[in-house]
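One structure is given here, and the rest of the page talks about it.
Position 1 is the first residue of the sequence; numbering continues from there.
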Amino acid sequence: MCRPPRTSWNGLGRGLLAALSCGVVPIGIIALGVRRGAPADRHIRVRRRRVVPMSLSPASVVAGVAPGGTAALTYALLT
């Protein structure tokens, strides 16, 4: 089978997904935690409070990189 040629729009979409899953979502997780008062600030100096952000951030990256991750990440962000 022939695959359609890849265009710059495909690369743009993948780049936006990478930026979203590797940058925006992890920072949003930390910001949400700071608003709720779990960590005192965005630097999360208390080690036991790092568990949730440090486990959710890699999950966001894996969801963005995995095949079909786009649908999973979109669903997680919208619900």
Practice task
Group every Ile, Leu, Val, Met, Phe, Trp and Tyr by side-chain heavy-atom contacts under 4.5 Å, then state whether Met54 and Val34 land in the same group.
Solution key: no
Handout entry: Euclidean distance, Arg35 CZ relative to Ile30 CD1, rounded to 0.5 Å
Key = 13.0 Å
Handout entry: By salt bridge (charged side-chain N to carboxylate O under 4.0 Å, His left out) - contacts of Arg47 (at least two apart)
Key = none
Practice task
Check Pro26 against Ser21 and note the closest heavy-atom contact, atom names and distance.
Solution key: CD-O, 3.6 Å
Fill in the blank from the handout: All heavy atoms of Ile29 vs all of Ser57, minimum pair found to be CD1-N, 4.2 Å
Completion exercise
CZ (Arg45) and CZ (Arg50) are apart, to the nearest 0.5 Å, by 10.0 Å
Exercise for the section: Consider only side-chain heavy atoms of I, L, V, M, F, W and Y, link residues closer than 4.5 Å, and tell whether Val24 and Leu32 are in one cluster. Expected result: no
Handout entry: Cluster overlap Leu56 with Leu20, hydrophobic side-chain contacts below 4.5 Å
Key = yes
